[in-house]
Asker: 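Handing you a structure now.
Computed from a prediction, not measured in an experiment: that's the story for all the values here.
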Amino acid sequence: MQIGAQLYTVRKYFTNLEDFDKGLKKTADIGYKAVQVSGTCAYDPYWLRDELQKYDLTCAITHIPPQRLIDELEKVVAEHAVFGCKNIGIGSIPAPWFGTYEGYFEFRKVFIPIAEKMRDMGAKLMFHNHAIEFEDHNGNTIFNHLMEDFPEDAMEFTLDCGWADFAGQDVPKLIDSLKSRLSRIHLKDYADLPADGSIEQAPYMRPIYEGKMDYDAIINALKNAGTEYALVEQDNCYDEDPFECLRRSYNSVVGRFPEMK
């Protein structure tokens, strides 16, 4: 399993192609060899291929607007093939279906056929969770439906360990239940809100091993699950430099698990 950087963490430095180039270099200089391309400016797939090669980086997964998968699936898969990425993700159930239990079933009607077409084209749909998918609906959850309704060979989960923990899940146990569907996941940590009230909205996101989660247990469970890429994501770095947060996460993880470099 290799550690990677979710570029959404440093998205404010990826708003144009010149800064995109500089940001990839800074990410590679930390030591990362893999990235998730998400939250960046638009890019030509051949440009991205050349940039990744220049800095000896692999694109393990992307997040793209879900509407592109509805409107231009073949083009999206072909673009990803240019820079060597078969794992194409969405960040959540999209509008207008997001946020309601009933909306999930409309999402399912549209996206199961998309996932199956992607599979047949040699690509893989990746679903990223937040906490909402674990909310109880008369004994069931949207996450359970996703596990049961989408074919295992057509959709995997970019399990966001932080959001799952925040939703009250036993993350190592959840990882064990998803073993064959976790080739790429998100490492995310959080702490209790500061007592001084400086941060008011939970979760208070922190670099990996600077929060409250048991990442020794989580990483060992991921290794047992056969996860290939564990991508560090910190949605909010507050007043800290996001690249410094990525650096601290990298150093903390590889300091304990050097084989993840």
Asker: Using only heavy-atom distances, determine whether the side chains of D71 and Q67 contain a donor-acceptor pair under 3.5 Å.
Answerer: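 The answer is yes; a qualifying pair exists.
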Asker: How would you list all residue pairs meeting salt bridge (Lys or Arg N to Asp or Glu O under 4.0 Å) that involve residues 252-261, not counting sequence neighbours?
Answerer: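 For residues 252-261: K223-E259.
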Asker: K12: which residues meet the side chain to side chain donor-acceptor pair (under 3.5 Å) condition with it, sequence neighbours left out?
Answerer: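 K12: no side chain to side chain donor-acceptor pair (under 3.5 Å) contacts found.
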Asker: Suppose clustering is done on Ile, Leu, Val, Met, Phe, Trp and Tyr with side-chain heavy atoms closer than 4.5 Å. Which residues sit in the same group as Y8?
Answerer: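 Grouped by the 4.5 Å side-chain rule, Y8 forms a cluster of one, so the answer is none.
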Asker: Only pairs at least two apart or in different chains count here, so list each salt bridge (Lys or Arg N to Asp or Glu O under 4.0 Å) that has a residue in residues 84-102.
Answerer: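 Those involving residues 84-102 do not exist here.
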Asker: Using the six-membered ring of Y13, assess whether NZ or CZ of K22 lies under 6.0 Å from its centre and within 45 degrees of the ring axis.
Answerer: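 No, a cation-pi geometry is absent between K22 and Y13.
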Asker: If the condition is ring pair (Phe, Tyr, Trp, His ring centres under 6.0 Å), which residues does H145 pass it with, not counting sequence neighbours?
Answerer: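 Listed in chain order: Y101, Y104, F105.
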Asker: In chain order, what residues pass the side chain to side chain donor-acceptor pair (under 3.5 Å) check against Q169, with sequence neighbours excluded?
Answerer: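 In terms of side chain to side chain donor-acceptor pair (under 3.5 Å), with neighbours along the sequence ignored, Q169 is linked to no residue.
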Asker: Not counting sequence neighbours, list each pair that qualifies as a salt bridge (Lys or Arg N to Asp or Glu O under 4.0 Å) and has a residue in residues 190-204.
Answerer: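 Pairs touching residues 190-204 that pass the test: D192-K212.
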Asker: Measure from NZ or CZ of K26 to the centre of the six-membered ring of F243 and say whether it is under 6.0 Å with the direction within 45° of the ring axis.
Answerer: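 Judged by the rule (NZ or CZ under 6.0 Å from the ring centre, within 45° of its axis), K26 counts as positioned above F243.
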Asker: Does D149 have any salt bridge (charged side-chain N to carboxylate O under 4.0 Å, His left out) partners at least two apart in sequence or in another chain, and if so, which?
Answerer: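 In terms of salt bridge (charged side-chain N to carboxylate O under 4.0 Å, His left out), with neighbours along the sequence ignored, D149 is linked to R108.
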Asker: Tell me every residue that passes salt bridge (charged side-chain N to carboxylate O under 4.0 Å, His left out) with D160, counting only those two or more places apart in sequence or in another chain.
Answerer: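 Applying salt bridge (charged side-chain N to carboxylate O under 4.0 Å, His left out) to D160 gives K188.
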Asker: Who pairs with E116 by salt bridge (charged side-chain N to carboxylate O under 4.0 Å, His left out), at least two apart in sequence or on another chain?
Answerer: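 Salt bridge (charged side-chain N to carboxylate O under 4.0 Å, His left out) list for E116, sorted by chain: empty.
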Asker: Check the angle between the aromatic planes of F143 and F134 and answer parallel, tilted or perpendicular using the 30° and 60° thresholds.
Answerer: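 Rings of F143 and F134: parallel, under 30°.
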Asker: Within the 3.5 Å criterion, strictly below it, is a donor on Y190 or D165 matched to an acceptor on the partner's side chain?
Answerer: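 There is such a pair between these side chains.
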Asker: What residues form a ring pair (Phe, Tyr, Trp, His ring centres under 6.0 Å) with Y215, not counting sequence neighbours?
Answerer: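 Residues passing ring pair (Phe, Tyr, Trp, His ring centres under 6.0 Å) with Y215: none at all.
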Asker: I'd like to check the salt bridge (charged side-chain N to carboxylate O under 4.0 Å, His left out) partners of D170; sequence neighbours left out, ordered by chain and number.
Answerer: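 D170 satisfies salt bridge (charged side-chain N to carboxylate O under 4.0 Å, His left out) with no residue once adjacent residues are dropped.
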